[in-house]
Structures are given as C-alpha cells and as structure tokens.
2 protein chains.
Amino acid sequence: MGRYRVGLETRERILVATRDLLGEVGIEGVTLKAITDRAGVGAGSFYNLFETKEQAVLEVVREAIAAVDPDPSGVGRESLADLVEAFVRFITGEASGIARIYLQLAASGLTDERMARRVLRSHRRRVERFRDAIAREHPGTGAEEAEARAEAILAALTGFAITWFIDPRFDFAAHAARLLQPR
Amino acid sequence: MGRYRVGLETRERILVATRDLLGEVGIEGVTLKAITDRAGVGAGSFYNLFETKEQAVLEVVREAIAAVDPDPSGVGRESLADLVEAFVRFITGEASGIARIYLQLAASGLTDERMARRVLRSHRRRVERFRDAIAREHPGTGAEEAEARAEAILAALTGFAITWFIDPRFDFAAHAARLLQPR
DNA sequence: TTCATCTTGTAGTATCCACTCAAGGTAACG
DNA sequence: CGTTACCTTGAGTGGATACTACAAGATGAA
C-alpha cells in the first residue's frame with residue numbers, strides 16, 4: 001500500500017504522541033483517544049496508518065529497548081565509570097521518558113514472549129560491556145567474577161533508577177558513583 | 001462495623017480466589033467477575049466486605065510480603081542476611097506469582113502519583129530495617145554510610161529480581177548472597 | 001485536468017469493566 | 001421469639017475502551 005507524504009507525516013506525529021504518553025501515563029494508561037487527541041488526528045486516520053493500537057505501542061517500545069544501549073562507539077575502550085555515567089545520563093537526561101518506558105517494561109510488561117526475549121538480549125549485551133570494562137581495569141579478575149560484578153552493578157543501577165523515578169529527591173548520581181568504590 | 005463469622009469466612013474465600021488468580025493470570029487478568037466467580041459469591045457480597053477491588057489485591061500482596069518477614073513482631077534482632085534471605089524467598093518462593101504483581105505495582109509507581117507515594121513509603125521502611133541491621137552488625141559504620149549501603153543492597157535486589165523474572169536461568173539466590181560479602 | 005488512491009473526521013458499535021442498589025435471607029443476642 | 005445488625009444475590013448503571021463504516025476531501029502520477 002503506497003503512502004502519501006501527508007500520511008507518513010501523520011504516522012510520525014502519532015508515534016511521537018505515543019512515546020510521550022507512554023512515559024507519562026505508562027503502558028496501561030495509554031488509550032487510543034489520548035494518542036489521537038495529542039497527535040491531533042481522528043481515529044480514522046490512526047487506523048488508516050496502524051493495524052491496531054498495540055502496533056503503535058510496540059513500535060515505540062522497540063525504540064525504547066534499543067535506546068538503553070550506550071553509544072556503541074566506545075566499545076572496547078570505555079571504562080566502567082564511563083558506562084555507569086552513561087547510564088545515569090540516560091535515566092536523568094532528556095530521554096528520561098524513554099527510560100521510564102523501558103523500566104516499566106522490564107519490571108512488569110513482559111507477558112509478550114518476543115518482547116521478553118528482546119529485553120533479555122539487550123540486557124545480556126549490556127552485562128557483557130560492563131564485564132569487559134571490569135576485566136580491562138582489573139586484569140586479575142576471573143571472567144565469572146567480572147560477570148557477577150557486572151550483573152550486580154547493573155542491577156543496582158536499575159534499582160536506583162526506579163527509586164529515583166519514584167522519589168526525585170533521591171541522589172541517583174551519588175549512589176551510582178558509590179558503586180565504583182570498594183566498600 | 002462488626003462482622004459475622006460467615007462474613008469473615010467469605011472474606012477469606014475472596015482473598016484466596018484473588019491470590020490464586022493473581023498468580024495465574026496476572027494483575028491485568030484479574031477482574032471482579034473472575035474473583036467473585038471463583039470465590040462463589042455475588043458482586044454485592046464482595047463490596048460488602050471490601051471497599052474496592054484494589055483493596056483486595058493490595059491485601060493479598062501485603063500478606064505475601066508479611067509471610068516471609070524474618071521479624072514480624074519488630075523486635076529488631078534481624079540480621080542483614082535474614083533480610084536478604086527473606087527478599088529472595090519472597091521473589092523465588094511459592095508466592096513468586098504475587099512477587100511479580102508486587103514488582104508490577106512498584107513499576108506502576110513510575111507513572112501513577114498515588115502508587116508512587118505508597119511504594120515510596122514502604123521502600124523507606126525497608127531501607128530503615130536494612131540500615132539498622134547493618135548498623136547493628138558493624139557498629140563503627142556511620143548512619144549515612146549504613147543507609148547508603150542499605151539503598152544499594154535493596155536496589156541490587158530489586159534489579160536482580162527483575163533479571164530473574166526476565167531470565168529464569170539467572171541464579172538469583174547466588175547473586176543475592178554475594179551482596180553480603182565484601183568485594 | 002482526470003481519476004485512482006490515499007487521508008481524514010465523525011458518529012457510531014460492541015464489549016468490557018468496576019461498582020451500586022434494593023429486597024429478601026440469615027446470624028447473633030437477649 | 002423479636003429485633004437489630006449483617007450478608008447475599010444479580011440485574012442494572014455509567015463510563016470507558018478499541019475499533020469500524022462511510023462520506024467527503026486531498027494527493028499525485030499521467
């Protein structure tokens with residue numbers, strides 16, 4: 001089915017509206033009316049461009065999962081501190097709406113098998129990057145030990161992120177920085 | 001409002017039905033009709049005994065958490081290991097279906113103000129218990145230091161729980177145990 | 001300009017949901 | 001037994017939801 005230019009533009013507006021709403025009201029809270037109101041289109045337009053509401057939501061969610069991966073340009077050289085800092089920036093920076101979507105999904109949304117696999121894959125990739133950074137900085141560390149530390153740091157960062165979203169007074173950066181110091 | 005014995009029995013049947021359903025179909029699948037059908041009561045009975053559906057769900061979750069509490073009476077002798085173990089039991093034990101619901105509810109605090117306040121309050125209480133246990137075991141630790149460690153351990157446990165739900169092969173108990181050892 | 005094709009808004013439809021209400025039934029107690 | 005409270009039923013209410021039908025308008029290739 002060929003698309004006119006106006007159609008593709010409308011599609012983009014709908015996706016932007018969906019992304020914003022997902023961050024604000026959560027996956028459960030997103031209704032068709034909310035999307036179409038915010039995008040400034042009628043329901044007919046929406047269904048001309050998407051099969052179902054779920055299709056639009058999944059398209060945004062896929063983006064969110066991909067966005068969690070830190071900038072790939074540093075692979076192989078980045079330090080653990082770089083990775084932690086990138087995570088903090090991702091959560092507290094401009095993309096925090098996307099981050100919120102990802103956390104919701106990871107913590108609760110995974111009834112969908114394919115999405116669960118996608119999230120797991122991205123988690124694995126992240127653990128590997130953290131693990132490699134640890135191994136580079138502490139060459140004596142065993143591979144298993146490095147991976148376990150990577151899992152622990154990522155888990156703590158995830159937990160901190162949730163706390164920060166729920167309690168804006170929580171000093172996310174400071175707690176994250178502590179993860180880098182020995183006890 | 002006094003309750004008759006039959007009323008309290010019906011209340012118990014409703015809670016059992018709710019607990020089973022939460023484990024089987026998740027929070028989305030739990031409808032009032034599903035609960036009342038399974039409990040074998042009419043909607044009117046339900047609302048004679050509970051204010052809202054949410055109340056019944058929250059009561060089930062609260063019960064599940066209380067069931068693993070290492071120090072239900074609040075004596076204050078629980079160790080950090082006890083607390084960590086209780087968390088692990090809650091997540092991986094029989095009530096793991098309910099634990100999933102608990103995580104979902106916590107995640108809904110990311111977008112729902114009312115739920116955020118609720119989650120924050122219980123988070124605070126838990127941090128205090130972890131902090132006090134740490135302070136008892138390491139009397140030299142400063143209050144701030146102990147609280148920061150408590151936050152970190154809880155955040156890591158939460159993160160591990162999420163990982164475990166996404167990846168059943170993840171060894172939650174082993175990773176949790178590592179949190180108790182110095183690096 | 002023509003016209004097939006796409007786009008748009010609106011006014012639905014069907015379905016589901018939490019929750020209410022009123023009236024009759026039952027428990028507790030003196 | 002009589003009285004007061006609580007319990008139970010289930011049809012019904014109001015509101016929200018995703019999605020559709022359709023007529024009218026816009027687009028763009030020839």
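Just so it is clear, the values below take in all heavy atoms, side chains as well, and ignore hydrogens, waters and symmetry mates. So you know, we letter chains A, B, ... as the sequences are listed, proteins then strands, and number each from 1.
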Which nucleotide in [options] has an atom nearest any side-chain atom of [X]:
| X | options | result |
| --- | --- | --- |
| B:Ala43 | D:dC19, C:dA28, C:dT20 | C:dT20 |
| A:Leu49 | D:dG10, D:dT8, C:dT8 | C:dT8 |
| A:Leu32 | D:dA18, D:dT9, C:dA18 | D:dA18 |
| A:Lys53 | D:dC7, D:dC19, C:dC6 | D:dC19 |

Could you give the [atom1]-to-[atom2] distance, from [X] to [N], as a whole number of Å?
| X | N | atom1 | atom2 | value |
| --- | --- | --- | --- | --- |
| A:Arg11 | C:dT8 | CZ | C1' | 17 Å |
| A:Phe50 | C:dT7 | CZ | P | 12 Å |
| B:Glu28 | D:dT17 | CD | P | 14 Å |
| A:Asn48 | D:dT20 | CG | P | 12 Å |
| A:Lys33 | C:dG9 | NZ | C1' | 13 Å |
| A:Asp37 | C:dG9 | CG | P | 11 Å |
| A:Arg3 | D:dG28 | CZ | P | 14 Å |
| A:Leu8 | C:dT8 | CG | C1' | 15 Å |

Check whether any side-chain nitrogen or oxygen of [X] sits under 4.0 Å from OP1 or OP2 of [N], and answer yes or no.
| X | N | result |
| --- | --- | --- |
| B:Thr10 | D:dT8 | yes |
| B:Arg5 | C:dT26 | no |
| A:Ser45 | C:dT7 | no |

Walking DNA chain C from its 5' end, the first of A:Val6 and B:Val30 to be reached, judged by nearest nucleotide, is A:Val6
The answer to which of B:Tyr47 and B:Tyr4 contacts DNA chain C further toward the 5' end, by nearest nucleotide, is B:Tyr47
Regarding B:Arg38 and B:Glu24, does a basic nitrogen lie under 4.0 Å from an acidic carboxylate oxygen?
yes
Side-chain ion pair, A:Arg89 and A:Glu85, N-O less than 4.0 Å: yes
> Base, sugar-phosphate, or nothing for B:Thr31, non-hydrogen atoms under 4.0 angstrom?
Replying inline: sugar-phosphate
Within the structure shown, what part of the strands sits under 4.0 Å from B:Gly7 by heavy-atom distance: base, sugar-phosphate, or nothing? sugar-phosphate
Quick one about A:Asp82 and A:Ser79 (side-chain donor to acceptor, distance below 3.5 Å, no hydrogens or angles considered), yes or no? yes
Closest heavy-atom pair, B:Leu32 versus B:Ala43, reported as atoms and distance to 0.1 Å, is CD2-CB, 4.2 Å
**Item:** Test of ring centre spacing under 6.0 Å for B:Phe170 and B:Phe160
**Value:** yes
